[in-house]
Amino acid sequence: MRSRLSRRELVGGAALTAAGGLLLGLPGAAAAQGTADMTAMLGAVRLEQALGVAYAGMAARARLGRDLQDLLLHLADHERQHAAALLTLAEYIGVLPPKVPTLAQVEAMLPGVRAAVDRGTALAVLDELERAELLGFYTDEQVLTDTKLIEVVGAVMCSDAQHLAVVRQMSGLDPIPTALETGNVR
């Protein structure tokens, strides 16, 4: 079963900025591939930014319990670090930095974040978000051509797989389901 959320749903769709597209200046197929790299990286940065905001916002909810709040703060920090690393490379290929969304904007894009008011709902939302994130990065790995982009996306993907394993373990689920790297569950 695939995650119910796609990367497009997570970040509200990714569109290249006109300036970013002009910076490529490459003809034909090379420009199309450069555009694919740029689109993937912009979506990845937006996703990591949104999840950093979502997790920090969820951590403020007392009914989650201290251990889950601590995990959420830790994951929020990781997502911000991922966004920064991805943004550095995204800017290198001409992507303009997107503005970090507010918690209200993230909750509008991801209603599950707003609904995560207790331990059970928060863990379920975390599981779904991390699986969708992995699926998005797995998809990105299929289209990226720049070696540095592939390396960084792969590293972020590994970290997010660890996030999912910890979330699943905290939920009392098998921490390492089949096809972990794609975000799929058994």
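Quantities reported herein were computed from a predicted structural model and do not represent experimental measurements.
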Shared hydrophobic cluster, [X] / [Y] (ILVMFWY, side-chain heavy atoms < 4.5 Å):
| X | Y | value |
| --- | --- | --- |
| Leu103 | Leu64 | yes |
| Val167 | Val117 | no |
| Leu173 | Leu72 | no |
| Leu73 | Val53 | no |

Output yes when Asp67 and Arg119 qualify as a salt bridge under the 4.0 Å nitrogen-oxygen rule, no when they do not.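 Judged by the 4.0 Å cut-off on N to carboxylate O distance, Asp67 and Arg119 do form a salt bridge.
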
Pair Glu151 + Lys148: basic N to acidic O under 4.0 Å: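 Judged by the 4.0 Å cut-off on N to carboxylate O distance, Glu151 and Lys148 do form a salt bridge.
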
Quick check against the 3.5 Å criterion: does [X] have a side-chain atom that pairs as donor or acceptor with the backbone of [Y]?
| X | Y | value |
| --- | --- | --- |
| Asp118 | Thr121 | yes |
| Arg61 | Ala116 | yes |
| Asp160 | Glu130 | no |
| Ser159 | Ala155 | no |
| Gln105 | Thr102 | yes |

Between Thr39 and Val143, is a side chain to side chain contact (heavy atoms under 4.5 Å, CB included) present by the stated rule, with each step listed? CA-CA 10 Å; Thr39 300; Val143 299; over 6 Å; no

Closest non-hydrogen atom pair, [X] against [Y]:
| X | Y | answer |
| --- | --- | --- |
| Ala59 | Gln69 | O-NE2, 3.1 Å |
| Ala50 | Pro101 | CA-CG, 4.0 Å |
| Ala76 | Ala56 | CB-N, 3.7 Å |
| Ala108 | Arg114 | N-NH2, 3.8 Å |
| Ala44 | Asp140 | CB-OD2, 4.2 Å |
| Gln169 | Pro175 | CB-CB, 4.0 Å |

Looking at Leu87, Leu86, Val100, which hits side-chain contact (heavy atoms from CB on, under 4.5 Å) with Glu48? Leu86

Check whether any side-chain heavy atom of [X] lies under 4.5 Å from a side-chain heavy atom of [Y], and answer yes or no.
| X | Y | answer |
| --- | --- | --- |
| Val113 | Leu129 | yes |
| Leu89 | Val95 | no |
| Leu42 | Pro98 | yes |
| Leu68 | Leu71 | yes |
| Arg131 | Asp127 | yes |
| His82 | Val152 | no |
| Glu133 | Glu79 | yes |

Hey, mind stepping through Asp37 and Thr145 against side chain to side chain donor-acceptor pair (under 3.5 Å) and telling me if it holds? CA-CA 7 Å; Asp37 283 356; Thr145 59; 3.1 Å; yes

Between Val125 and Glu128, does the side chain to side chain contact (heavy atoms under 4.5 Å, CB included) criterion hold? Intermediate values first, please. CA-CA 5 Å; Val125 167; Glu128 186 170 9; 5.8 Å; no

Could you tell me the separation between the CE atom of Met41 and the CG atom of Asp146, rounded to the nearest 0.5 Å?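 Output value for this atom pair is 8.5 Å.
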
Evaluate the criterion side chain to side chain contact (heavy atoms under 4.5 Å, CB included) for residue pair Leu134 and Phe137; output intermediate values, then yes/no. CA-CA 5 Å; Leu134 283 170; Phe137 283 123; 5.7 Å; no

Give the C-alpha distance, both sets of side-chain angles, the deciding distance and a yes or no for side chain to side chain contact (heavy atoms under 4.5 Å, CB included) between Asp77 and Tyr55. CA-CA 9 Å; Asp77 184 52; Tyr55 295 169; over 6 Å; no

